[in-house]
Amino acid sequence: MNKVAFITGATRGIGRQIAITLAENGYSIALNYRNENNELKQTKCEIENAGAKCLTIKGDVSNFNSCEEMAKKVIDTFGEINVLVNNAGITKDMLLIKMKNEDFEDVINVNLIGTYNVTKSIIQYMIKQKEGRIINISSVVGLCGNAGQTNYSASKAGIIGFTKSLAKEVGSRNILVNAVAPGFIQTNMTDVLKEEVKEEIKKSIPLKRMGTTKDVANVVKFLASQESSYITGQVIQVDGGMLM
Ligand SMILES: NC(=O)c1ccc[n+]([C@@H]2O[C@H](COP(=O)([O-])OP(=O)(O)OC[C@H]3O[C@@H](n4cnc5c(N)ncnc54)[C@H](O)[C@@H]3O)[C@@H](O)[C@H]2O)c1
């Protein structure tokens with residue numbers, strides 16, 4: 001097996017761990033990044049150390065033309081795309097009353113429209129291949145909401161609707177579409193929270209800890225594999241039981 005996985009926003013955090021985990025499991029990796037930096041070099045190095053091919057592709061998921069170019073590059077290099085992981089995401093938290101219009105729009109543009117842009121650019125190739133896996137990284141707040149995150153929660157809830165609708169459209173083409181909804185995972189995104197806030201959150205989680213990027217990557221690995229061949233249109237929570 002030499003399947004190809006394309007992961008967006010994969011130089012750090014959850015995306016990075018997904019890329020490394022899939023590389024360790026025999027996939028060739030197409031890794032999208034926005035800015036060239038040390039994190040990119042280190043991630044590419046780890047992927048290659050795992051014995052996998054790694055194509056790095058600069059691009060902005062919120063720009064449709066950029067996504068079409070990225071998809072073409074992956075196909076030109078590897079000939080196919082078996083797994084797409086829509087991971088790139090941002091937060092711009094603020095209570096709605098104080099939120100700037102552009103902060104609402106930016107979060108929707110990257111998280112939700114970005115997921116649309118990349119998927120739309122790639123789905124034609126998966127249809128031609130007669131197989132594919134699309135795994136969208138949502139969030140538990142897309143299911144339950146969170147004060148200060150109307151923009152982010154709306155984008156992540158939108159991803160769930162997108163996932164279920166697309167799963168219904170392309171199931172007959174042997175393309176499986178699922179979402180993963182992480183809870184609180186230790187990454188740069190959650191590092192910005194104050195220590196006391198993190199402690200409060202941990203108390204509310206039955207497993208009494210924040211998740212690791214590996215906790216999420218293992219579920220993505222499962223959804224990408226043959227072991228999950230009868231699962232589509234689902235939202236798998238990876239949240240230590242935080243939301244039941
Ligand atoms: N950390 C958590 O607790 C948590 C919880 C639930 C969901 N998530 C989701 O998991 C995903 C990864 O988050 P993370 O915690 O690793 O955060 P992170 O900030 O470490 O990683 C996000 C990545 O997305 C990239 N990115 C941002 N905008 C982009 C764009 N326009 N084009 C291409 N790439 C772009 C960034 O460069 C970065 O590499 C996100 O979708 C996030 O919403 C995270």
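Counting starts at 1 for both ligands and their atoms, following the listed order.
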Ligand 1 versus I14: contacting region, heavy-atom distance under 4.0 Å: both
Residue of the set N86, T163, N136 for which side-chain hydrogen bond (donor to acceptor under 3.5 Å, both in side chains) holds with T119: N86
4.0 Å heavy-atom contact, A181 with ligand 1: no
Atoms in ligand 1 flagged as close to T187, the criterion being non-hydrogen separation under 4.0 Å: 1 (N), 14 (P), 15 (O), 16 (O)
Within-shell test, G183 vs ligand 1, heavy atom, strictly < 4.0 Å: yes
Protein non-hydrogen atom found under 4.0 Å from atom 36 (C) of ligand 1: no
Any side-chain heavy-atom pair of N111 and K156 under 4.5 Å: yes
For F184, atoms of ligand 1 separated by under 4.0 Å from a heavy atom: 3 (O)
Region of D60 engaging ligand 1 - heavy atom pairs below 4.0 Å: both
Which donor-acceptor pairs under 3.5 Å do the side chains of residues 52-59 make with protein atoms, sequence neighbours left out?
residue	atom	partner	partner atom	Å
K58	NZ	R34	O	3.1

Within reach of ligand 1, part of I185 (heavy-atom separation under 4.0 Å): both
Side-chain donor-acceptor pairs of residues 219-226 under 3.5 Å, sequence neighbours excluded:
residue	atom	partner	partner atom	Å
S225	OG	F222	O	2.7
S225	OG	E227	N	3.2
S225	OG	E227	OE1	3.4

Close approach, Q186 and ligand 1, non-hydrogen under 4.0 angstrom: no
Heavy-atom nearest option to atom 7 (C) of ligand 1, drawn from G142, G89, S138: S138
Location of contacts on Y152 toward ligand 1, heavy atoms closer than 4.0 Å: side chain
